[in-house]
Amino acid sequence: MGFLSTVRKIRRQERQMRVLFLGLDNAGKTTILKNISGEDVLSVSPTLGFNIKTLVFDQYTLNIWDVGGQKTLRPYWRNYFESTDAVVWVVDSVDRLRIPDCKEELHKLLQEDRLAGASLLVFANKQDIQGSMTDEEIKEALDLPSIKSHNWKIWPCSARTGENLKTGLDWIVKDVARRLYYSTTT
């Protein structure tokens, strides 16, 4: 049995996935993570570095890395790419001025070799705030249809209310499971 086969066998038995939460600062990455973990979402402060959370979702163990999105931290994102199965890119749907920066960072990220093949979930966060961009507007602004290197999906959501968070997470877990565990999704 080759090395890759051994790794796949071990991962299949453990049913683990490594998920990387990225996006610009103030997009709501940590709030989303707290919400899906059942924690208080009203006491969130900016992430200066990273948070790690392990949770069980749909019979899979998700090792989630939530990395700060400040401009000074972005060059360090590459330190977290190794063995990543999925990227959750969180977008602040209200911050129209930084959408071009968001697009640039996302497309730069997807060129990284160590993220090749990783599933991509784009959470269009803050949909509960009046005047937020729709998921369709964000899809076009980020030029998501041009992404051919990764299987992707965009979900409108609200980190505060929890709207669509579990649905989006369900999609990414099933997408990764199809790839890693040979169509085993339960």
Side-chain angles (χ1 to χ4, degrees), residues 17-37 39-55 62-116 118-129 131-135 137-144 146-147 149-150 152-165 168-169 171-172:
M17 297 178 187
R18 180 178 161 105
V19 181
L20 191 56
F21 272 56
L22 294 173
L24 303 185
D25 53 302
N26 199 39
K29 299 175 294 296
T30 304
T31 307
I32 288 172
L33 190 53
K34 283 185 171 263
N35 191 310
I36 61 178
S37 300
E39 297 176 35
D40 177 21
V41 297
L42 299 177
S43 62
V44 178
S45 57
T47 303
L48 303 172
F50 63 92
N51 296 309
I52 305 170
K53 181 74 71 179
T54 300
L55 54 102
L62 306 182
N63 298 307
I64 301 174
W65 293 71
D66 163 29
V67 185
Q70 294 86 346
K71 197 169 195 153
T72 56
L73 296 177
R74 293 178 206 161
Y76 299 103
W77 284 353
R78 64 179 24 100
N79 296 329
Y80 302 92
F81 294 167
E82 204 64 45
S83 302
T84 295
D85 299 311
V87 174
V88 176
W89 184 258
V90 182
V91 179
D92 181 341
S93 300
V94 180
D95 194 351
R96 295 172 186 268
L97 292 176
R98 294 201 310 163
I99 285 291
D101 190 25
C102 187
K103 174 186 174 184
E104 179 184 335
E105 292 293 343
L106 174 61
H107 285 268
K108 190 176 358 174
L109 178 78
L110 296 178
Q111 294 174 8
E112 292 286 339
D113 287 341
R114 288 179 291 161
L115 293 178
S119 302
L120 172 66
L121 171 63
V122 177
F123 266 141
N125 191 25
K126 302 185 183 182
Q127 292 294 307
D128 55 319
I129 300 175
S132 63
M133 297 173 70
T134 66
D135 57 322
E137 289 175 297
I138 291 171
K139 181 169 96 175
E140 293 307 313
L142 297 182
D143 195 20
L144 295 180
S146 75
I147 298 172
S149 57
H150 296 74
W152 61 269
K153 186 85 165 169
I154 184 169
W155 283 99
C157 73
S158 169
R160 291 215 178 228
T161 68
E163 178 188 1
N164 280 336
L165 297 182
L169 207 54
W171 177 82
I172 204 150

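Count residues from 1 along the sequence.
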Give a yes or no answer on whether the side chain of [X] reaches the backbone of [Y] with a donor-acceptor pair at less than 3.5 Å.
{"X": "Arg18", "Y": "Glu82", "answer": "yes"}
{"X": "Trp77", "Y": "Gly68", "answer": "yes"}
{"X": "Lys71", "Y": "Leu24", "answer": "no"}
{"X": "Asp66", "Y": "Asn51", "answer": "no"}
{"X": "Glu137", "Y": "Thr134", "answer": "yes"}

Query raised in the report: Among all residues two or more places apart in sequence or in another chain, which pass the ring pair (Phe, Tyr, Trp, His ring centres under 6.0 Å) test with Phe50?
Result: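 Once residues adjacent in sequence are excluded, the partners of Phe50 under the ring pair (Phe, Tyr, Trp, His ring centres under 6.0 Å) criterion are Trp65, Tyr80.
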Atom [atom1] of [X] and atom [atom2] of [Y]: how far apart are they, to the nearest 0.5 Å?
{"X": "Leu165", "Y": "Ile36", "atom1": "CG", "atom2": "CD1", "answer": "7.0 Å"}
{"X": "Leu120", "Y": "Leu110", "atom1": "CG", "atom2": "CG", "answer": "5.5 Å"}
{"X": "Asp85", "Y": "Met17", "atom1": "CG", "atom2": "CE", "answer": "7.0 Å"}
{"X": "Leu106", "Y": "Trp152", "atom1": "CG", "atom2": "CH2", "answer": "10.5 Å"}
{"X": "Lys108", "Y": "Glu104", "atom1": "NZ", "atom2": "CD", "answer": "5.0 Å"}
{"X": "Arg160", "Y": "Asn35", "atom1": "CZ", "atom2": "CG", "answer": "10.5 Å"}

Requested in this report: Start with the C-alpha gap between Val91 and Phe123, add the side-chain angles, then the distance that decides, and say whether side chain to side chain contact (heavy atoms under 4.5 Å, CB included) holds.
Outcome: CA-CA 6 Å; Val91 179; Phe123 266 141; over 6 Å; no
Query - Step-by-step side chain to side chain contact (heavy atoms under 4.5 Å, CB included) determination, Val122 to Leu144 - result: CA-CA 9 Å; Val122 177; Leu144 295 180; 4.1 Å; yes
Query raised in the report: Charged N to carboxylate O under 4.0 angstrom, Asp113 versus Arg78?
Result: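 Salt bridge between Asp113 and Arg78, a charged N being under 4.0 Å from a carboxylate O: no.
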Report task. May I ask you to decide whether Lys153 forms a salt bridge with Asp135, counting only side-chain N to carboxylate O separations under 4.0 Å? Result ->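 Answer for the salt bridge query: no.
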Partners of [X] by side chain to side chain donor-acceptor pair (under 3.5 Å), sequence neighbours excluded?
{"X": "Asp95", "result": "Arg98"}
{"X": "Glu163", "result": "none"}
{"X": "Lys126", "result": "Asp92"}

Looking only at the side chains, is there a donor atom on one of [X] and [Y] sitting less than 3.5 Å from an acceptor on the other?
{"X": "Asn63", "Y": "Thr54", "value": "yes"}
{"X": "Ser158", "Y": "Gln127", "value": "no"}
{"X": "Asn125", "Y": "Ser93", "value": "no"}

**Report entry** Non-neighbouring partners of Asp143 that pass side chain to side chain contact (heavy atoms under 4.5 Å, CB included), sequence neighbours left out
**Finding:**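 Checked Asp143 against side chain to side chain contact (heavy atoms under 4.5 Å, CB included); matches are Lys103, His107, Pro145, Ser146.
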Requested in this report: Check side chain to side chain contact (heavy atoms under 4.5 Å, CB included) between Asp40 and all other residues, then give those that pass, not counting sequence neighbours.
Outcome: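 Partners of Asp40 by the side chain to side chain contact (heavy atoms under 4.5 Å, CB included) criterion, ordered by chain and then number, come out as Leu42, Ser43.
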Requested in this report: Would you please test Val88 and Leu20 for side chain to side chain contact (heavy atoms under 4.5 Å, CB included) and show each step?
Outcome: CA-CA 6 Å; Val88 176; Leu20 191 56; over 6 Å; no
Query raised in the report: For the residue pair Asn164 and Pro156, what are the closest heavy atoms and their distance?
Result: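 It is ND2-O, 2.8 Å.
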Requested in this report: Taking all non-hydrogen atoms of both residues into account, name the closest pair between Ala159 and Gly28 and its distance.
Outcome: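 Result for this residue pair: CB-O, 4.1 Å.
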Does a side-chain heavy-atom distance below 4.5 Å link [X] with [Y]?
{"X": "Leu121", "Y": "Val87", "value": "no"}
{"X": "Ile64", "Y": "Ile52", "value": "no"}
{"X": "Asp101", "Y": "Glu105", "value": "yes"}
{"X": "Met133", "Y": "Glu140", "value": "no"}
{"X": "Val90", "Y": "Leu22", "value": "no"}

Query raised in the report: Between Trp89 and Trp155, does a ring-ring contact (aromatic ring centres under 6.0 Å, His included) hold up when you go through it step by step?
Result: CA-CA 10 Å; Trp89 184 258; Trp155 283 99; over 10 Å; no
Query raised in the report: When you look at Tyr76 and Val67, which way does the side chain to side chain contact (heavy atoms under 4.5 Å, CB included) test go after all the steps?
Result: CA-CA 9 Å; Tyr76 299 103; Val67 185; over 6 Å; no
